[in-house]
Amino acid sequence: MNQSRKLCQLCGLPLTEDQSFLSLLGIMSTDSNNLCEDCCNQLVLINDIFCPNCGRLQATPEMCFDCIRWQNKGYPLLEHRAIYQYNDVMKTYMQQYKFNGDFLLKDLFNHDLIRLIDNIDKDIVVPIPVSHYTMQTRGFNQVSGMLNGQTLFDIFSVTASKKDHQSQFGRRERMNRQQPFALNVSSQLVVGQRILLVDDVYTTGNTMYHAANLLYQAGAKTVKSISLAR
């Protein structure tokens with residue numbers, strides 16, 4: 001009896017028999033086994049030369065312009081790390097998972113994120129929240145969804161009823177946006193803690209720096225951050 005072939009979760013093309021065989025042998029990870037070879041090849045790992053404070057892939061290991069601006073504003077730098085560059089294939093993933101609401105894609109990069117989290121010293125892991133409006137319309141927080149199996153502390157709420165998407169703003173507007181978050185727990189949970197923030201995409205740092213600023217005001221010892229893409 002013919003069995004239907006497994007399809008790539010991003011482009012929908014059939015996966016090769018070689019991919020299935022390598023997965024069976026344990027040579028290819030479960031994550032990679034859900035993507036075709038072409039989509040895998042388009043993913044760009046940030047593991048070579050990047051900004052030491054935000055993880056931006058660039059030609060030199062010097063601090064990037066955005067991080068200099070945050071530093072000049074008086075914010076402690078985050079030592080942010082991202083796994084992949086935000087390119088066309090990552091944009092496709094975010095569109096399908098985040099904006100089209102395809103919750104089945106939540107585990108596609110789960111192993112990558114958990115592996116990075118495990119390699120960072122921290123006391124608690126905090127996902128960036130979504131607004132009440134987004135929860136009502138989309139039905140899930142895309143960041144929490146990607147972190148299945150990881151203990152999370154939901155300590156933020158979004159102050160606006162509808163959180164604006166970063167893509168709606170230019171770079172200057174993003175850098176100058178007002179504080180979008182509030183703590184929804186006692187500061188005693190935060191005092192003296194090493195906190196790791198997690199988001200799906202790091203663009204200018206506005207989201208992460210506002211979240212970190214609240215945590216430092218509440219008494220956090222250190223705040224670092226990671227994202228799937230930068």
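Atoms considered below: every heavy atom in the structure, side chains included; atoms not considered: hydrogens, waters and symmetry mates. Starting from 1, each residue takes its place in the sequence as its number. Since the structure is predicted, the reported quantities are computational estimates derived from the model, not experimental observations.
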For Tyr202, ring-ring contact (aromatic ring centres under 6.0 Å, His included) partners two or more places apart: His80
Exam field: side chain Ser131 to backbone Thr134, donor-acceptor pair closer than 3.5 Å: yes
Pairwise distance CG(Asn213) to CD(Gln179) - rounded to 0.5 angstrom: 6.5 Å
Residues clustered with Phe50, ILVMFWY side-chain links under 4.5 angstrom: Val44, Ile46, Leu57
Straight-line distance of Lys6 NZ to Leu15 CG, nearest 0.5 Å: 6.5 Å
Qualifying salt bridge (Lys or Arg N to Asp or Glu O under 4.0 Å) pairs, either residue in residues 42-54, two or more places apart: none
Non-neighbouring partners of Phe140 that pass ring-ring contact (aromatic ring centres under 6.0 Å, His included), sequence neighbours left out: Tyr97, Phe103
Separation between OG1 of Thr92 and CD of Gln9, rounded to the nearest 0.5 Å: 14.0 Å
Which residues share a side-chain contact (heavy atoms from CB on, under 4.5 Å) with Glu79, sequence neighbours left out: Lys224
Contacts of type side-chain contact (heavy atoms from CB on, under 4.5 Å), residue Leu152, not counting sequence neighbours: Val125, Pro127, Ser144, Leu147, Gln150
Partners meeting side-chain contact (heavy atoms from CB on, under 4.5 Å) with Leu183 (sequence neighbours left out): Ile155, Phe156, Leu215, Ala218
Whether Asn141 side chain and Ile128 backbone form a donor-acceptor pair below 3.5 Å: yes
N-O pairing of Asp112 and Arg115 below 4.0 Å: yes
Non-neighbouring partners of Gln71 that pass side-chain contact (heavy atoms from CB on, under 4.5 Å), sequence neighbours left out: Met63, Leu77
Enclosure of Asn72 CG (heavy-atom neighbours >12, cutoff 6.0 Å): yes
Minimum-distance pair of heavy atoms, taken over all atoms of Leu105 and Tyr93: O-OH, 3.0 Å
Ser225 versus Leu78, closest heavy-atom pair with distance: OG-CD1, 3.6 Å
Partner set under side-chain hydrogen bond (donor to acceptor under 3.5 Å, both in side chains) for Asn100, not counting sequence neighbours: Gln95
ILVMFWY clustering at 4.5 Å (side-chain atoms), partners of Val191: none
Pair listing, side-chain hydrogen bond (donor to acceptor under 3.5 Å, both in side chains) test, anchored in residues 117-127, at least two apart: Asp123-Arg194
Spacing of CD1 belonging to Ile83 relative to CG belonging to Leu113, to within rounding of 0.5 Å: 4.0 Å
Non-neighbouring partners of Tyr86 that pass ring-ring contact (aromatic ring centres under 6.0 Å, His included), sequence neighbours left out: none
